[in-house]
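To keep things clear, I will list the structure first and then write my remarks on it.
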Amino acid sequence: MKIAVIGSGYVGLPTACGLASFGNNVVCIDNDPQKLTTLQSGIIPLYEEGLQELYETVKDKLTFTGDISSVKDAELIILAVGTPMSDDGSANLEYIFQATKDIKPYLQKDAIVATKSTVPIGTNDEIENIINRPDIAVISMPEFLREGYALYDFFNPDRIIIGTDNISVYNKIRDLYSSHIPAEKIIRTNRHSAELIKYASNAFLATKIQFINEISDLCEQVDADVSDVAAGMGMDTRIGRKFLNAGIGYGGSCFPKDTNALKYMADKHGVNLGLVSSTIKGNHDRRFNIANRVNKYISDIEGKARVAVLGLAFKNGTDDIRYSPAIDIIKNINHNPIYAYDPRAMDNARKELGPNVIFTETLKDCISDADIIAILTEWSDFKALEKESFAKKTLILDYRNILDEPTMRSKPNVIYKRIGQKI
Ligand SMILES: NC(=O)c1ccc[n+]([C@@H]2O[C@H](COP(=O)([O-])OP(=O)(O)OC[C@H]3O[C@@H](n4cnc5c(N)ncnc54)[C@H](O)[C@@H]3O)[C@@H](O)[C@H]2O)c1
């Protein structure tokens with residue numbers, strides 16, 4: 001199949017490379033000239049495990065261009081542009097509608113336009129109205145990949161949702177995937193259901209994270225351990241262990257904007273999503289609560305403390321710092337300088353953080369001589385602390401509970417604190 005992917009970002013690029021690896025010819029169209037120059041020189045401009053390597057194997061089937069008229073040969077056009085959060089919490093649809101208007105003059109007869117961008121209920125109806133051609137099918141195909149595991153998720157999805165009432169269009173899209181994905185994972189719904197499945201899924205996962213963070217706060221007051229509580233809860237197959245890791249709250253380009261957009265949608269329809277509203281507020285407050293904890297520890301230290309922060313990305317496996325709780329926490333730590341290190345996200349973070357943050361070349365440089373080390377992203381690289389020895393008294397705030405507790409507690413000079421244990 002000839003496919004065009006509009007938007008070469010965290011979703012567009014893995015999707016394009018994945019579909020090319022199935023043998024399709026894919027043209028990726030982006031309107032960011034800087035990104036295009038990098039892509040055209042053969043470099044994937046974002047970090048996603050295995051993506052550069054996959055690109056090398058499929059590059060004869062992939063082209064990158066800024067020329068929107070290249071959609072003219074495509075039987076399937078996938079919209080994967082951003083839908084960021086507006087100031088009022090709604091999804092900003094300017095990019096999706098602009099991309100729709102851009103492709104409209106060039107669509108070949110019977111082309112299928114599939115929206116992978118996360119869009120509110122009814123957006124695909126509007127896309128259909130803009131295109132206004134009976135031969136063009138507009139379908140909702142929400143994307144569920146996880147950053148950091150985008151390729152794994154592309155090749156091993158939990159489900160592929162195809163939102164359309166048009167059975168022959170559904171069959172064509174199912175056939176595109178069915179040689180590589182088990183048939184029972186591909187399901188058809190109507191368009192509105194498909195749009196809502198994406199928002200409801202993200203809001204549910206975000207709520208699960210906020211729930212365990214609230215339980216974690218209770219653990220700290222009653223001398224329970226949230227890691228044990230989560231393990232015990234997670235053994236119940238109705239609950240499941242995933243998304244029960246207490247920490248500093250969720251971030252990234254999806255959960256914050258999608259929970260807010262869902263609330264906005266529900267408000268518009270007069271429906272009270274109390275649980276989602278509470279999750280949004282609790283998660284927002286959490287990052288400031290964590291910054292205050294660090295500030296308190298800094299003020300307890302006599303003399304000038306050396307403060308090190310490990311982790312800037314909103315989670316491990318990515319260089320993405322969009323709505324990263326780590327970034328907000330650092331901005332609210334009242335200290336100068338703060339030493340910071342992240343294996344992937346420092347280039348992005350440099351653009352966001354002030355001159356009081358010193359980015360170190362290595363993990364070792366960051367923690368060297370530190371009085372306080374706060375772990376804010378769950379990178380496995382930080383497990384290296386288990387092998388370190390500390391020459392002076394060092395407070396290690398493991399806000400992702402990633403280090404081995406007995407090892408850390410046995411270290412001379414280390415005061416080791418985890419989230420969700422008595423403070
Ligand atoms: N990032 C994720 O993990 C993830 C997962 C599932 C769903 N989503 C959804 O997928 C969508 C894309 O997210 P992303 O993280 O890939 O965004 P992104 O910002 O990384 O990429 C979007 C790309 O679209 C390009 N673009 C914007 N308007 C364009 C136009 N008119 N023509 C051509 N290119 C244009 C931008 O230059 C950018 O490169 C969003 O709706 C997001 O909510 C993202």
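Numbering of ligands and ligand atoms starts at 1, following listing order. For this chain, numbers begin at 1 and follow the sequence in order.
Between Arg146 and ligand 1, no N or O atom pair is found at a separation short of 3.5 Å.
When only non-hydrogen protein atoms are considered, atom 24 (O) of ligand 1 lies nearest to Gly7 CA, 3.3 Å. Closest protein heavy atom to atom 11 (C) of ligand 1: Val81 O, 3.3 Å. The protein heavy atom nearest to atom 2 (C) of ligand 1 is Glu147 OE2, 3.4 Å. The protein heavy-atom contact nearest to atom 35 (C) of ligand 1 is Asn31 OD1, 3.3 Å. The protein non-hydrogen atom at the shortest distance from atom 25 (C) of ligand 1 is Asp30 OD2, 3.2 Å. Nearest protein neighbour of atom 5 (C) of ligand 1, counting heavy atoms only, is Leu145 O, 3.5 Å. Remark: minimum distance from atom 21 (O) of ligand 1 to any protein heavy atom is reached at Gly9 CA, 3.3 Å. Nearest to atom 9 (C) of ligand 1 among the protein's heavy atoms is Thr118 OG1, 3.5 Å.
Of the candidates Asp258, Asp153, Ile29, Val11, it is Val11 that places a heavy atom closest to atom 13 (O) of ligand 1. When the heavy-atom distances from atom 42 (C) of ligand 1 to Lys116, Lys257, Glu143, Glu48 are ranked, the shortest goes to Lys257. Taking all heavy atoms of Cys254, Ala80, Ala150, Ser253 into account, the minimum distance to atom 4 (C) of ligand 1 is reached by Cys254.
Using modelled atom types, one side-chain atom of Ser178 and one backbone atom of Arg174 make a donor-acceptor pair closer than 3.5 Å. The closest donor-acceptor contact from the side chain of Glu48 to the backbone of Tyr149 lies under 3.5 Å.
Taking 4.0 Å as the cut-off, Lys198 counts as a neighbour of ligand 1 on heavy-atom distance.
In summary, Lys172 and Glu75 do not engage in a salt bridge, as defined by a charged side-chain N under 4.0 Å from a carboxylate O. Ion pairing of Lys59 with Glu56 is present here, as a side-chain N (NZ or NE/NH1/NH2) and a carboxylate O approach within less than 4.0 Å. Between Arg418 and Asp225 there is no salt bridge, since no side-chain nitrogen of the basic residue lies less than 4.0 Å from a carboxylate oxygen of the acidic one. A salt bridge links Arg146 with Asp153; the closest basic N to acidic carboxylate O contact falls under 4.0 Å.
Close approach to Asp102 involves these atoms of ligand 1, each under 4.0 Å from a residue heavy atom: 31 (N). Of all atoms in ligand 1, listed by their number and element, those nearer than 4.0 Å to a heavy atom of Ser117 are 10 (O), 11 (C), 41 (O). Heavy-atom contacts of Ile6 reach the following atoms of ligand 1: 32 (N), 33 (C) (cutoff under 4.0 Å). Close contacts of ligand 1 with Ala99, meaning ligand atoms under 4.0 Å from a residue heavy atom, involve 31 (N). Applying the 4.0 Å criterion to heavy atoms of Asp32 picks out, from ligand 1, the atoms 37 (O). The distance from ligand 1 to the heavy atoms of Gly82 drops below 4.0 Å at these ligand atoms: 22 (C).
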Check against side chain to side chain donor-acceptor pair (under 3.5 Å), Thr377 and Arg344: CA-CA 11 Å; Thr377 309; Arg344 296 283 174 187; over 6 Å; no
Check against side chain to side chain contact (heavy atoms under 4.5 Å, CB included), Lys417 and Tyr297: CA-CA 11 Å; Lys417 289 188 184 292; Tyr297 289 125; 3.2 Å; yes
Check against side chain to side chain donor-acceptor pair (under 3.5 Å), Ser90 and Asp88: CA-CA 6 Å; Ser90 65; Asp88 62 4; 2.6 Å; yes
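When only modelled atom types and interatomic distance are considered, Thr279 and Thr207 share a side-chain donor-acceptor pair under 3.5 Å. Residues Asp102 and Gln98 bring a donor and an acceptor atom of their side chains to less than 3.5 Å of each other. If you check the side chains of Asp398 and Tyr416, you find a donor sitting under 3.5 Å from an acceptor.
For Tyr95, the OH atom is loosely surrounded, since the number of other residues' heavy atoms within 6.0 Å does not exceed 12.
Residue-level proximity to ligand 1 for Thr83 is carried by backbone and side chain together, each with a heavy atom below 4.0 angstrom. Within the 4.0 Å heavy-atom criterion, the part of Arg322 lying near ligand 1 is the side chain and not the backbone. The part of Lys35 lying near ligand 1 is the side chain, judged by heavy-atom distances below 4.0 Å.
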